[in-house]
Amino acid sequence: MSVNSSTPSSPATAQSPSGGYYVFLIIYLVLLSAFGSFVNDMYLPTLPEMVRSFHTTTSTVQLGLTFGMIGLGFGELILGPLSDRFGRKPILIGALIVFCIGAVCSVWSKTIHVFIWWRLVQGLGASGGYFLARTIPADLYKGRALAKVMALVGAINGFAPASAPVIGGLVARSVGWQGIFWILFGFSAMLLLLTPAFKESLPPSRRVKGHFGAAFKNYVILSRNRHFVIHVMLKGTALGVLFAYISSAPFIIQDHYGFTQLQFGLFMGFNALFVAFGSMVALRFKPLKNAVVYGGRGLMAVAVAQFICFYTVNNVWVYEVLNLPMLFCLGMLFTVGNTLAMNEGRQCAGDASALIGLMGYVFGATVSPLVGLGNMLHSTAITILVLSVLVLIFSRWSRILPADLAATPQSATATGVPAAKDKDSTDNEDELK
């Protein structure tokens with residue numbers, strides 16, 4: 001089965017980016033995307049407390065983040081093809097129900113190991129909303145219109161990681177870490193109540209046909225698309241930097257520098273706004289992919305400065321000042337990396353979105369326990385520096401690719417799309433520029 005025979009060669013264009021439903025769609029996508037951030041970010045302030053509560057080690061507690069990310073990545077890998085076959089809406093409903101179960105059961109965990117396994121279930125459930133927040137726009141839009149939707153969602157969603165640690169710090173101070181997972185349960189229940197108003201973005205005529213296993217063959221096809229792989233790796237390595245920062249920050253700010261849970265939340269909340277700023281600034285670049293080049297160079301420069309300062313200067317404000325440009329560059333890379341990868345893989349959007357998410361969580365799940373080894377400032381600096389080198393390499397490779405990815409002969413061969421550049425693909429190239 002080829003992608004062309006089971007999925008459309010272009011996203012639907014019936015819906016215009018305006019009107020009441022468009023506003024609802026943006027809000028809904030923001031909530032879905034925020035859901036993935038809340039799953040990890042909200043309980044970050046409680047990590048040092050959980051070390052003491054469960055009488056365990058820092059690295060063991062950080063496995064809760066790791067298993068949550070494994071669940072997110074593995075869930076996307078499974079749910080992506082299923083959503084291409086059965087539609088986005090039923091997959092989303094099922095995933096939210098799974099998360100509700102995982103959130104409630106994690107509250108009753110008696111040991112850290114039981115908690116970690118329920119974090120895996122939470123990740124599986126949260127993966128549905130998180131990857132569909134990328135998939136649904138690719139069902140409906142393309143080119144710069146797709147970039148605008150993703151940037152708008154990304155910019156507004158910058159307040160999710162900004163507010164999540166603050167909320168988590170307040171809740172943890174009042175009712176402990178268990179209260180955070182009751183809030184996450186309520187969040188998922190709210191999304192379930194809103195889901196009936198969401199209009200299915202993948203009609204039956206555009207779904208994968210044939211036997212059940214055929215839906216997973218698109219992973220092989222996408223893995224042979226060099227352009228798609230470059231942008232997936234770009235997004236994945238950039239996410240690795242973000243997760244290295246997220247998983248180390250609670251211990252650096254609270255344990256090393258002595259700030260409270262609430263103060264940590266305020267630090268994280270303010271810093272997360274710079275991801276949103278970077279996301280919006282990325283749209284100012286023409287062609288769009290230039291934002292990747294400057295984002296990669298900026299991230300590399302900050303990583304070198306962090307490496308030097310973390311070994312020579314022990315000051316929280318130096319640590320904080322260096323985090324801001326790092327997160328700004330990551331915001332640029334996330335928006336454009338998502339857009340370029342989804343534009344390349346939109347013929348099987350569910351599978352493409354799943355692979356993007358999976359690669360990010362592979363890096364995230366790997367680096368989270370690594371930054372807890374030895375001196376956390378030093379291990380964090382080394383991890384971020386290595387990942388930034390990889391980001392710079394993939395950003396340079398992205399730079400030499402043509403603006404219209406779907407119209408290139410290499411991409412056409414890999415995806416089954418005709419190599420001839422028709423009017424639609426020419427328009428798409430103009431939109432990306």
I would like to know whether L355 and L222 meet side chain to side chain contact (heavy atoms under 4.5 Å, CB included); could you show each step before the answer? CA-CA 9 Å; L355 287 178; L222 286 168; 3.9 Å; yes
Run the side chain to side chain contact (heavy atoms under 4.5 Å, CB included) test on Y311 and I382 for me, step by step, so that the C-alpha distance in whole Å, both residues' side-chain angles and the decisive distance to 0.1 Å come before the verdict. CA-CA 10 Å; Y311 272 86; I382 293 171; 3.4 Å; yes
Evaluate the criterion side chain to side chain contact (heavy atoms under 4.5 Å, CB included) for residue pair V241 and M326; output intermediate values, then yes/no. CA-CA 9 Å; V241 174; M326 177 186 75; 4.0 Å; yes
Applying ring-ring contact (aromatic ring centres under 6.0 Å, His included) to F24 and F198, what does each step give before you reach the verdict? CA-CA 8 Å; F24 166 79; F198 164 63; 7.7 Å; no
Are F115 and W118 close enough, and set up right, to give a ring-ring contact (aromatic ring centres under 6.0 Å, His included), and what steps lead you there? CA-CA 5 Å; F115 173 80; W118 283 117; over 10 Å; no
I'd like to know whether I384 forms a side chain to side chain contact (heavy atoms under 4.5 Å, CB included) with Q306, so could you lay out the CA-CA distance, the side-chain angles of the two residues, the decisive distance to 0.1 Å, and finally the verdict. CA-CA 9 Å; I384 290 178; Q306 278 187 333; 3.6 Å; yes
Show your working on ring-ring contact (aromatic ring centres under 6.0 Å, His included) between F35 and F187 and close with a plain yes or no. CA-CA 8 Å; F35 189 41; F187 196 125; 5.6 Å; yes
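At a threshold of 4.5 Å between non-hydrogen side-chain atoms, the residues N323 and F267 do not count as touching. Between C309 and Y319 there is no side-chain heavy-atom pair separated by less than 4.5 Å. Put simply, the side chain of L79 does not reach to within 4.5 Å of the side chain of S83, judged on heavy atoms.
F259 CZ: more than 12 foreign heavy atoms inside a 6.0 Å radius. With a 6.0 Å radius and a threshold of 12 heavy atoms from other residues, nucleotides or ligands, H113 has its NE2 atom at or below the threshold. Residue F274 qualifies as enclosed at atom CZ: its count of foreign heavy atoms under 6.0 Å is above 12.
Summarising the geometry, atom SG belonging to C329 is positioned 12.5 Å from atom OH belonging to Y294; distances are rounded to the nearest 0.5 Å. Between the CZ atom of F54 and the CD atom of E49 there is a distance of 9.5 Å, given to the nearest 0.5 Å. Remark: L327 CG to L299 CG distance equals 9.5 Å, nearest 0.5 Å.
Side-chain contact of N315 with Y257: a donor-acceptor pair under 3.5 Å is absent, judged by distance alone. Residues T57 and T60 have side chains that bring a donor and an acceptor to within less than 3.5 angstrom of each other. Side chain to side chain, T260 and Q254 fail the donor-acceptor criterion of an N or O pair below 3.5 Å. Looking at Y28 and T195, their side chains do bring a donor and an acceptor atom within 3.5 Å of each other.
Shown here for H227 and H231, the closest heavy-atom pair between the two residues is O-ND1, 3.0 Å. What you find for S395 and G296 is that their closest heavy atoms are OG-CA, 4.1 Å. Shortest non-hydrogen contact noted between F99 and Q122 is CD1-O, 3.2 Å. Shown here for L340 and S398, the closest heavy-atom pair between the two residues is CD1-OG, 4.0 Å. Taking each heavy atom of F363 and G240 in turn, the nearest pair found is CB-CA, 3.9 Å.
Of the residues listed (L31, V30, L25), the one engaging I27 in a side chain to side chain contact (heavy atoms under 4.5 Å, CB included) is L31, and it is the only one. Results of the side chain to side chain contact (heavy atoms under 4.5 Å, CB included) test with K235 over T237, V232, L239 single out L239 as the only residue that passes.
At least one donor-acceptor pair closer than 3.5 Å links the side chain of S248 to the backbone N or O of Y245. The closest donor-acceptor contact from the side chain of R207 to the backbone of R85 lies at 3.5 Å or more, if one exists at all. Of the possible polar contacts, one joining the S379 side chain to the V371 backbone as a donor-acceptor pair under 3.5 Å is found. Between the side chain of S53 and the main chain of M50, no donor-acceptor pair closer than 3.5 Å is present.
By the 4.0 Å N-to-carboxylate-O rule, D139 lies close enough to R88 to be salt-bridged with it.
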